[in-house]
Amino acid sequence: MGRLVRVISAAGSVLLLATTAAADSAQSEIPEAGRQKAVQCIACHGVGGETTNPGFPDLAGQNAAYLQNQLVSFKSGSRYHPVMTPVAKSLSDEDIRDLAAYFSALEPAAGREEQQ
Ligand code: HEC
């Protein structure tokens with residue numbers, strides 16, 4: 001019986017380690033394709049997807065599906081903004097997916113949640 005408990009707890013530790021490692025790498029993995037394409041967004045949305053200018057929404061840590069939807073809407077014309085619409089129209093579907101993945105992987109600056 002004692003041996004069985006040891007085997008089970010050892011298996012549990014391995015599983016825990018594997019889960020922790022996966023969570024760590026998910027957080028530190030910033031998609032490279034999106035990082036390069038995001039250079040053209042820095043002027044308005046800031047380095048790291050955040051700016052203190054309230055006219056430019058924070059993108060860092062935003063839900064990827066939300067970001068993708070907004071860019072698709074700007075591109076299709078169902079959401080219009082004189083500045084953002086031309087930007088989105090210049091993006092391919094692949095650019096939009098890469099950019100959404102990139103900005104959603106960024107850590108929002110501490111305290112942002114409290115501001116909103
Ligand atoms: C010249 C300035 C400018 C540039 C460059 C720019 N944006 Fe924007 N973006 C804006 C403004 C202004 C808004 C807010 C539009 C509104 O109020 O409807 C916006 C809104 C957005 C939104 C919607 C956010 C939300 O919360 O609804 C997304 C997503 C976005 N931009 C992504 C990008 C990406 C990705 C790039 C680079 C490819 C980019 N933007 C480049 C000015 C810019």
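For clarity, every value in this text was computed on a predicted model and none was experimentally measured. Just so you know, ligand 1 is whichever comes first in the structure, and atom 1 is the first atom listed for that ligand. Note that the numbering runs from 1 along the sequence shown for the chain.
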Quiz prompt | Exercise: identify the closest heavy-atom pair between Tyr102 and Ala38 | solution = CE2-CB, 3.4 Å
Quiz prompt | Residue and atom name of the nearest protein heavy atom (relative to atom 2 (C) of ligand 1), distance in Å to one decimal | solution = Cys44 SG, 1.8 Å
Quiz item: Taking the non-hydrogen atoms of Tyr66, is any one of them nearer than 4.0 angstrom to ligand 1?
Solution: yes
Practice problem: Identify the protein heavy atom lying closest to atom 28 (C) of ligand 1, giving its residue, its atom name and the separation to 0.1 Å. | Solution: Leu59 CD2, 3.7 Å
Exercise. Answer with side chain, backbone, both or neither: which part of Asp95 has a heavy atom less than 4.0 angstrom from an atom of ligand 1?
Key: neither
Quiz prompt | Nearest-contact summary for atom 34 (C) of ligand 1 - protein heavy atom, Å | solution = Cys41 SG, 3.4 Å
Practice problem: Give a yes or no answer on whether the side chain of Asp58 reaches the backbone of Ala60 with a donor-acceptor pair at less than 3.5 Å. | Solution: no
Self-check item: Exam field: side chain His45 to backbone Pro57, donor-acceptor pair closer than 3.5 Å
Solution: yes
Self-check item: Best match, Phe56, Phe103, Phe74: closest heavy atom to atom 22 (C) of ligand 1
Solution: Phe74
Quiz item: Of the protein's non-hydrogen atoms, which lies at the shortest distance from atom 13 (C) of ligand 1, and what is that distance?
Solution: Pro57 CD, 3.5 Å
Quiz prompt | Protein heavy-atom partner closest to atom 5 (C) of ligand 1 - residue, atom, separation in Å | solution = Gln40 O, 3.4 Å
Practice problem: Decide, yes or no, whether a salt bridge links Asp98 with Arg35 under the criterion of side-chain N to carboxylate O below 4.0 Å. | Solution: no
Practice problem: Measure across Tyr80 and Phe74 and return the closest heavy-atom pair with its distance rounded to 0.1 Å. | Solution: C-CE2, 4.3 Å
Quiz item: Within the side chain of Thr85, is there an N or O that forms a donor-acceptor pair under 3.5 Å with the backbone of Pro82?
Solution: no
Quiz item: Under 4.0 Å from any heavy atom of Val83, which atoms of ligand 1 are there?
Solution: 1 (C), 2 (C), 3 (C), 42 (C), 43 (C)
Practice problem: Report the angle formed at atom 8 (Fe) of ligand 1 by atom SD of Met84 and atom NE2 of His45, rounding to the nearest 10°. | Solution: 170°
Quiz item: Taking the non-hydrogen atoms of Gly55, is any one of them nearer than 4.0 angstrom to ligand 1?
Solution: yes
Practice problem: Under 4.0 Å, heavy atoms only, figure out whether ligand 1 is touched by the backbone of Arg79, its side chain, both or neither. | Solution: side chain
Quiz item: For the side chain of Glu50 and the backbone of Val47, is there at least one donor-acceptor N/O pair under 3.5 Å apart?
Solution: no
Quiz item: Val87 heavy atoms, cut-off 4.0 Å: which ligand 1 atoms fall inside?
Solution: 38 (C), 39 (C), 41 (C)
Exercise. Provide, to 0.1 Å, the distance between atom 17 (O) of ligand 1 and the closest protein heavy atom, together with that atom's residue and name.
Key: His81 CD2, 3.7 Å
Quiz item: Would one find an N or O of Asp58, backbone or side chain, under 3.5 Å from an N or O of ligand 1?
Solution: no
Self-check item: Asn69 side chain to Tyr66 backbone, donor-acceptor under 3.5 Å
Solution: no
Quiz prompt | Atoms of ligand 1, numbered as shown, that sit under 4.0 Å from any heavy atom of Leu67 | solution = 29 (C)
Quiz item: Is Leu106 reachable from Phe56 through a run of I, L, V, M, F, W or Y residues, each pair having side-chain heavy atoms under 4.5 Å apart?
Solution: no
Self-check item: Nearest heavy atoms of Ala100 and Gln68, plus distance in Å
Solution: CB-N, 3.8 Å
